[in-house]
Amino acid sequence: MANQEPSRSLLWPAVLVGIGVAGSLDEIVLHQLLRWHHFYDRGSQAAGVIADGIFHLGSTAALGIGLVLLVQRWRTGRGPLRQAVAGILVGAGGFNLYDGIIQHKLLGLHQVRAGAPNNLPYDLVFIAIAAVVLLAGLLLLRLASSPSATPSRTVRNWGNG
């Protein structure tokens with residue numbers, strides 16, 4: 001059945017969209033608007049700005065490629081809309097959890113708020129939000145994959161049912 005074929009489902013393009021959304025929001029809000037940190041805070045200001053630009057190109061590419069693939073699959077009716085929303089949440093939450101644990105804590109590339117006297121509150125909030133978004137996505141994915149999901153919930157029939 002086409003809706004159940006994992007390689008053509010909405011899930012993986014949606015995960016890519018979620019990664020792109022999370023990366024872009026991080027870049028726009030934390031790097032540019034609030035100026036809390038750069039992608040790489042261990043070097044000069046110029047190195048931080050260049051690293052931010054490369055990071056932003058990558059997150060924008062992930063978002064763009066994910067959206068193109070998602071729309072293509074959406075048009076062919078490849079799965080429940082819930083699966084796409086779940087994938088976006090899994091991608092965004094997973095990316096931020098990776099960022100908060102690996103990049104912030106283990107590699108020390110940057111902190112949530114560079115120069116803060118105590119980063120623990122920022123880390124806890126950042127990681128907690130990421131975990132909640134990831135868990136919400138996994139729960140929604142489980143619901144979308146359940147046998148009780150009716151065909152009227154598929155993208156193909158979304159506007160008809």
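Here, residue 1 is the first one in the sequence, and each next residue gets the next number. The analysis underlying the following values was restricted to heavy atoms, covering all of them including side chains, and did not include hydrogens, waters or symmetry mates.
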Asker: If Ile, Leu, Val, Met, Phe, Trp and Tyr residues are connected whenever their side-chain heavy atoms lie under 4.5 Å apart, and connections chain through other members, are Leu16 and Val85 in the same group?
Answerer: no
Asker: Checking Asp52 now: which residues fulfil side chain to side chain donor-acceptor pair (under 3.5 Å) with it, not counting sequence neighbours?
Answerer: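 Counting only residues at least two positions away or on another chain, Asp52 forms a side chain to side chain donor-acceptor pair (under 3.5 Å) with His31, His38.
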Asker: Donor-acceptor pair, distance only, cut-off 3.5 Å: does the side chain of Gln83 make one with the backbone of Leu10?
Answerer: yes
Asker: Val49 vs Gln45, test: side-chain contact (heavy atoms from CB on, under 4.5 Å). Steps then yes/no.
Answerer: CA-CA 6 Å; Val49 171; Gln45 180 75 14; 4.2 Å; yes
Asker: Would you give the length of the straight line joining atom CD of Gln32 to atom CD of Glu27, rounded to the nearest 0.5 angstrom?
Answerer: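 Interatomic distance, Gln32 CD to Glu27 CD, rounded to 0.5 Å: 4.5 Å.
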Asker: Could you tell me which non-hydrogen atom of Leu11 sits nearest to which non-hydrogen atom of Gly87, and how far apart they are?
Answerer: CD1-CA, 3.7 Å
Asker: Any chain of hydrophobic side-chain contacts (each under 4.5 Å) joining Val17 to Val68?
Answerer: no
Asker: Restricting to non-hydrogen atoms, name the atom on Ala22 and the atom on Asn96 that form the minimum distance, rounded to 0.1 Å.
Answerer: CB-ND2, 3.8 Å
Asker: How close do His56 and Ser24 get, heavy atom to heavy atom, and via which atoms?
Answerer: CE1-O, 4.5 Å
Asker: Taking all atoms of both residues into account, what is the closest heavy-atom pair of Gln111 and His104, and its distance?
Answerer: NE2-O, 3.5 Å
Asker: Output the distance between atom CD1 (Ile50) and atom OG (Ser44), rounded to the nearest 0.5 Å.
Answerer: 7.5 Å
Asker: Would you name the heavy atoms of Leu69 and Pro13 that are closest together and state the gap between them?
Answerer: CB-CB, 3.7 Å
Asker: Evaluate the side-chain contact (heavy atoms from CB on, under 4.5 Å) criterion for residues Asp26 and Phe55: first the C-alpha distance (whole Å), next the side-chain angles of each, then the deciding distance (0.1 Å), finally the verdict.
Answerer: CA-CA 10 Å; Asp26 182 280; Phe55 172 64; 4.0 Å; yes
Asker: On a heavy-atom basis, which atom in Ala14 and which in Ala84 lie closest, and how many Å separate them?
Answerer: CB-O, 3.2 Å
Asker: Hydrophobic clustering (ILVMFWY, side-chain heavy atoms < 4.5 Å, transitive) - are Leu63 and Leu25 grouped together?
Answerer: yes
Asker: Under the side-chain contact (heavy atoms from CB on, under 4.5 Å) rule, what do Trp74 and Leu81 come out as? Steps first, then yes or no, please.
Answerer: CA-CA 8 Å; Trp74 186 336; Leu81 183 60; 3.9 Å; yes
Asker: Same cluster for Leu30 and Ile54 if Ile/Leu/Val/Met/Phe/Trp/Tyr side chains link at under 4.5 Å?
Answerer: no
Asker: Kindly work out whether a path of hydrophobic side-chain contacts (I/L/V/M/F/W/Y, heavy atoms less than 4.5 Å apart) joins Val90 to Ile19.
Answerer: yes
Asker: Please list, chain by chain and in numerical order, all residues satisfying salt bridge (charged side-chain N to carboxylate O under 4.0 Å, His left out) with Asp99, sequence neighbours excluded.
Answerer: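 Once residues adjacent in sequence are excluded, Asp99 has no partner under the salt bridge (charged side-chain N to carboxylate O under 4.0 Å, His left out) criterion.
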Asker: List, one per line, each side-chain donor-acceptor pair under 3.5 Å for residues 117-140, sequence neighbours excluded.
Answerer:
{"unit_1": "Asn118", "atom_1": "OD1", "unit_2": "Leu120", "atom_2": "N", "d": "3.0"}
{"unit_1": "Tyr122", "atom_1": "OH", "unit_2": "Arg113", "atom_2": "NH1", "d": "3.1"}
{"unit_1": "Asp123", "atom_1": "OD2", "unit_2": "Lys105", "atom_2": "NZ", "d": "2.7"}

